[in-house]
Amino acid sequence: MTESGTADRTRIERYEPTAIEPRWQARWAELGLHRTDLHDDRRPKFYLLTMYPYPSGDIHIGHWYIKTPTDAIARFHRMHGENVFLPIGFDAFGLPAENAAISRGINPRAWQMANIENMRRQLRMMGATFDWEAEVVTADPEYYRWNQWFFLRFLEAGLAYRATSPVDWCPNDGTLAREQVEGVDRRCWRCGAKVEKRDLAQWYLKVTKYADELLDFSGLDWPEPVKTMQTNWIGRSEGAELVFTTAPDDHQPGNDEVRIFTTRPDTLFGATFMVLAPEHPLVEKLTRPDRRAEVEAYVAQARAETEIERLSTDREKTGVALGADAINPINGERIPIWIADYVLGGYGTGAIMAVPAHDERDFAFARRFELPILRVVAAPGASAVDAMTEAYLAHAADERLVNSGPYDGMPADEGGRAIVAKLAGDGRAKATVTYRLRDWLISRQRYWGTPIPVIYCDRDGIVPVPDEDLPVRLPDEVDYRGSGENPLTRDEGFLRVDCPRCGGTARRETDTMDTFIDSSWYWYRYLSPERSSGAVDPDMVARWTPVDQYTGGAEHAVMHLLYAREFTKMMRDCGIIEQSEPFRRLFNQGQILGADGERMSKSRGNVQDPDELVERHGADTVRLFLMFMGPWDQGGPWNPTGIGGVHRFLNRVWTVTLDPHGRPAGDPAEAVADVGAAGRELRIAAHRTLHAVSADYQGLRFNTMVAKLMELTNLLMRYRGTVVADTADWDEAVRLLLLMLAPSAPHIAEELWSRRLAAAGEPWRSIHAERWPEWDAALVAARTVELPIQVNGKLRDKVELPAGLSQAEIER
RNA sequence: GCCGAAGUGGCGGAACGGCAGACGCGGCGGACUUAAACUCCGCUGCCCGCAAGGGCGUCAGGGUUCGACUCCCUGCUUCGGCACCA
């Protein structure tokens with residue numbers, strides 16, 4: 001390289017990314033650079049997973065933002081001698097395809113497959129090293145049959161069940177899981193329509209069984225916000241279940257048990273009324289005849305309540321008295337029973353004891369309906385009888401029980417325990433734990449999903465489809481005219497089936513599964529996508545999982561990322577795998593918004609098409625620009641202003657590599673006084689850059705990684721065309737620069753590497769098969785430290801001192 | 001309301017408790033060019049000053065420290081999540 005430079009300094013080839021990128025992509029495909037031998041156990045494995053895309057049609061720059069740094073991670077780890085597996089697939093079931101099919105009158109499968117074909121092409125343009133051999137497409141019967149198979153295993157294990165209860169219902173998507181209802185005004189996560197309640201028989205997965213286990217994140221390197229969100233979502237709450245009984249009156253005999261959940265058993269003496277959820281099973285029985293009309297009207301209103309604006313939690317409380325009383329188990333006092341929508345049917349026992357003195361909501365309710373408020377907890381010195389203007393919630397260590405009979409004067413905590421202990425004696429109390437987390441409702445009244453493999457027989461009831469009859473295929477030719485109602489419900493060919501037990505005429509379940517089922521295990525399938533004898537290959541799963549690094553958006557913190565953990569635990573409990581957690585390290589990259597700061601969407605017209613950028617600047621520039629924009633977890637509005645700077649940087653890399661001796665007209669080359677010192681400066685800079693860049697790659701800090709490569713390149717530019725460019729130091733710096741650039745800008749690095757090899761007369765070898773270089777620790781360590789001398793916080797002077805001095809020596 | 005994250009030049013953003021503003025964009029000036037583009041070089045936080053130099057600066061206010069963008073407290077703003085969870 002060094003001697004050839006002088007010969008041809010005036011006319012080096014220009015950097016033309018579009019000329020070199022397709023060539024190297026083809027070459028890598030030929031070489032199988034991306035392909036992973038999953039059976040190779042001589043090298044440490046690195047399972048790198050990126051959330052598989054939904055094939056919505058076109059890729060936008062947001063896909064690149066997720067995927068190209070992920071490819072850089074893959075290449076970085078390969079250069080460390082690891083056996084990296086970076087698979088890709090498509091999340092092909094789901095509503096958008098079905099809607100598109102309805103509006104265009106084409107089959108969702110055909111539409112989806114065309115989209116996938118297009119996305120494959122666009123993904124390849126990134127120059128990313130996805131292992132396409134491992135691809136899965138969830139709408140493929142050979143994939144979704146295993147969804148059905150899992151469902152049957154869960155059914156056998158008692159982890160799947162059918163129940164009728166009020167469910168969240170979206171007019172477009174049908175039923176939704178609880179996580180899929182968003183916001184105060186309760187809208188569908190996917191289509192934004194308002195969600196209502198409906199009573200329906202639906203299939204559930206018993207994920208609440210894992211509530212406690214899901215709270216344990218030990219051994220997982222996950223972002224704190226995601227762990228916090230999941231923890232809050234699971235909502236563990238310790239307290240006690242207390243049993244009240246109904247008092248007899250003229251209209252009913254009483255003595256029914258009403259179980260309530262409370263976190264404050266210490267306030268039991270302060271319970272001045274009781275509130276049931278409107279849907280509580282005892283409402284009907286307890287309602288006094290003269291209250292019936294009002295109660296029924298309230299229940300009906302509560303049922304429809306999601307259609308009414310629920311603008312804030314501090315809207316005025318509503319409720320109705322049933323006209324019956326309950327008996328407080330601790331003191332035998334009669335208190336009135338009300339129903340109110342602020343008590344939720346699905347949480348705890350659907351009933352509460354109301355202690356207005358010590359609960360904000362109960363306080364507001366008591367004020368509104370003029371119910372008594374009795375203080376039972378007070379700080380020392382506070383009056384036990386004064387009128388309260390707000391609920392007293394404080395939980396100070398020195399507060400004492402008052403108005404609580406024999407428990408007066410006890411510290412609140414201790415009093416609570418004593419009350420529970422007392423009532424526990426005759427079975428009227430027990431310490432319990434309640435969770436916010438609900439079982440996962442997986443039934444969807446949609447066509448484009450995995451059919452739930454059960455059959456309804458008049459004689460045998462619910463009959464699971466036998467394993468050998470899987471998959472239950474989704475018919476391709478269906479009539480999906482109309483309002484979007486599930487066409488399976490009128491597809492006779494699909495519906496009619498013989499009962500596997502009695503052989504009689506039976507009907508198939510027409511609901512399909514939540515598509516989050518598909519995404520709850522796809523990374524296990526990547527390990528054996530063709531396997532027909534089972535959903536997953538247990539040996540491969542044992543060897544390759546948990547996933548070492550997962551990358552994707554944070555928007556699924558309590559959806560996909562929670563479902564995935566739940567599903568893994570269910571698979572484990574069915575003996576399918578041994579793992580308990582799917583993803584060891586998680587990174588949530590930010591989201592690229594449109595230039596207007598809104599989510600990119602075709603309808604807003606703010607979508608940035610990457611093809612266009614690639615055509616103009618090349619894939620390497622686009623990749624690097626996305627990494628350079630800012631911290632990867634940050635995202636932000638799309639602003640391409642700086643992309644030229646990144647392109648110029650790559651141009652300079654091109655120039656210092658191919659034309660070290662050139663000097664552009666107009667650039668006053670300075671004479672280098674001391675070549676040795678300059679070379680040493682270059683060497684130190686190169687090794688320090690390597691040290692820092694390695695750490696940045698490891699920590700996924702790509703923006704500073706690129707900045708450091710720019711700095712090194714700028715330094716090389718300074719010595720370009722001087723005698724320094726003839727030194728071995730220069731040559732080494734360029735070599736390190738290319739190696740460090742290789743994971744992020746793989747095409748230009750490969751091109752320049754090959755030219756260097758050719759110039760040196762060495763046989764070609766891909767830069768991506770090179771080992772990541774090692775830095776010289778002596779060069780990285782600072783020889784001297786500049787110590788600022790400050791007086792009263794102001795900089796007065798600086799001294800250069802050798803590193804590693806003791807404090808006493810410095811002070812001297 | 002509760003939980004979480006974040007507030008640094010004109011802009012995107014850097015900074016183990018130790019020279020705030022790396023790197024890039026934009027801007028200004030210059031070289032090259034018949035000219036322009038490209039490329040290259042220099043300057044570019046704000047204020048005062050011809051200059052040397054000085055003052056002020058990391059949302060606001062307190063605190064810890066020889067020293068705070070960084071740690072602690074209080075408040076404000078923005079973004080994300082939750083939504084009466086007893």
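Every chain is numbered from 1 and lettered A, B, ... according to where its sequence line falls, protein lines coming before strand lines.
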A:Tyr342 side-chain N/O to B:A86 phosphate OP1/OP2 under 4.0 Å: no
Nearest-nucleotide pick for A:Trp233, side chain only, options being B:C23, B:C82, B:A86: B:C82
Among A:His647, A:Arg648, A:Arg616, the one residue meeting side chain to side chain donor-acceptor pair (under 3.5 Å) with A:Thr621: A:His647
Under 3.5 Å on both distances, the Watson-Crick or G-U partner of B:C11: B:G24
Rounded distance (Å) that lies between atom P of B:A22 and atom CE of A:Met710: 14 Å
Side chain to side chain contact (heavy atoms under 4.5 Å, CB included) partners for A:Pro356, two or more places apart: A:Thr272, A:Phe273, A:Asp362, A:Ala366, A:Ile373
Side chain A:Lys708 and base B:C23 donor-acceptor under 3.5 Å: no
A:Glu711, nearest nucleotide to its side chain (from B:C23, B:A15, B:G81): B:C23
Out of B:A86, B:G13, B:C23, whichever nucleotide has its closest atom nearest the side chain of A:Ile352: B:A86
Axial cation check for A:Phe365 ring with A:Lys317, 6.0 Å and 45° limits: no
Atom C1', compared across B:G10 and B:C16: separation rounded to whole Å: 31 Å
Atom-to-atom span, CZ of A:Arg718 to P of B:C23 - whole angstrom: 11 Å
Touch class at under 4.0 angstrom, heavy-atom based, for A:Val343 against every strand present: base
Span that lies between the C1' atom of B:A22 and that of B:C72, in whole angstrom: 29 Å
Separation between the C1' atoms of B:A68 and B:U58, rounded to whole Å: 11 Å
Presence of A:Arg701 side-chain N/O under 4.0 Å of B:A14 phosphate oxygens OP1/OP2: no
Mate of B:C56 where both pairing distances stay under 3.5 Å, Watson-Crick or G-U: B:G45
Restricting to nitrogen or oxygen on both sides, can you table the protein-nucleotides 2-4 of chain B pairs closer than 3.5 Å?
{"from": "B:C3", "atom 1": "O2'", "to": "A:Asn232", "atom 2": "ND2", "distance (Å)": "3.2"}

Distance between C1' atoms of B:A6 and B:A60 (Å, rounded): 16 Å
Where at least one partner belongs to residues 707-717 of chain A, residue pairs that pass salt bridge (Lys or Arg N to Asp or Glu O under 4.0 Å), sequence neighbours excluded: A:Asp696-A:Lys708
Atom C1', compared across B:C32 and B:A37: separation rounded to whole Å: 12 Å
Sugar-phosphate, base or nothing in reach of A:Asn651, heavy atoms under 4.0 Å: nothing
Minimum-distance nucleotide to A:Met717 side chain [options: B:A14, B:G24, B:C41]: B:C41
Torsion-based syn/anti label for B:G30, 90° from 0 as limit: anti
Base-pairing assignment for B:C32 (Watson-Crick or G-U wobble, both under 3.5 Å): none
Separation of B:A83 P from A:Tyr347 OH (nearest whole Å): 13 Å
Cationic tip of A:Arg368 above A:Trp338 ring, under 6.0 Å, 45° of axis: no
Which residue lies more 5' along RNA chain B, comparing A:Ala707 with A:Met353 via nearest heavy atoms: A:Ala707
Whole angstrom value for the distance that separates C1' of B:G81 from CG of A:Asp633: 16 Å
Short side-chain N/O contact from A:Ser237 to OP1 or OP2 of B:A86, under 4.0 Å: yes
Euclidean distance, atom NE2 of residue A:His691 to atom P of B:C16 [Å, nearest integer]: 13 Å
Six-ring centre of A:Trp233, A:Arg436 cation under 6.0 angstrom, axis tolerance 45°: yes
Whole-Å C1' distance, B:C71 and B:G18: 15 Å
Inter-nucleotide P distance (B:A86, B:G80), Å rounded: 26 Å
Distance in angstrom units between A:Lys227 NZ and B:G80 P, rounded: 24 Å
Identified pairing partner of B:U65, criterion: Watson-Crick or G-U wobble below 3.5 Å: none
A:Gln634 vs B:A6: side-chain N/O to OP1/OP2 distance below 4.0 Å: no
Between A:Thr434 and A:Tyr347: side-chain donor-acceptor atoms closer than 3.5 Å: no
Among B:A83, B:A14, B:A86, the nucleotide that comes nearest once only the side chain of A:Thr262 is considered: B:A86
Given RNA chain B, 5'-ward residue of the pair A:Glu179 and A:Ala351, judged by closest heavy atom: A:Glu179
Which residues share a side chain to side chain contact (heavy atoms under 4.5 Å, CB included) with A:Asn232, sequence neighbours left out: A:Thr228
Distance in Å, A:Leu276 CG paired with A:Ile339 CD1, rounded so as to fall on 0.5 Å steps: 8.0 Å
Pairwise P distance, B:C76 and B:G61 [rounded to whole Å]: 15 Å
Set of side chain to side chain contact (heavy atoms under 4.5 Å, CB included) partners for A:Ala240, sequence neighbours left out: A:Leu242, A:Pro265, A:Val420
Listed partners of A:Phe587 passing ring-ring contact (aromatic ring centres under 6.0 Å, His included), at least two apart: A:Trp632
Spacing of A:Phe625 atom CZ relative to B:G13 atom P, expressed in whole Å: 11 Å
Whole angstrom value for the distance that separates C1' of B:A83 from NZ of A:Lys317: 12 Å
Pairs satisfying side chain to side chain donor-acceptor pair (under 3.5 Å), at least one member in residues 587-597 of chain A, at least two apart: A:Asp596-A:Asn606
Residues in contact with RNA chain B, drawn from residues 639-648 of chain A - heavy-atom cutoff 4.0 Å: A:Thr641, A:Gly642, A:Gly645, A:Arg648
Within residues 348-359 of chain A or reaching into it, pairs that qualify as salt bridge (Lys or Arg N to Asp or Glu O under 4.0 Å) - sequence neighbours excluded: A:Asp359-A:Arg361
Touch class at under 4.0 angstrom, heavy-atom based, for A:Asn703 against every strand present: sugar-phosphate
Below 4.0 Å: OP1/OP2 of B:G24 and any side-chain N or O of A:Asn714: yes
Complement of B:G4, any strand, by Watson-Crick or G-U distances under 3.5 angstrom: B:C79
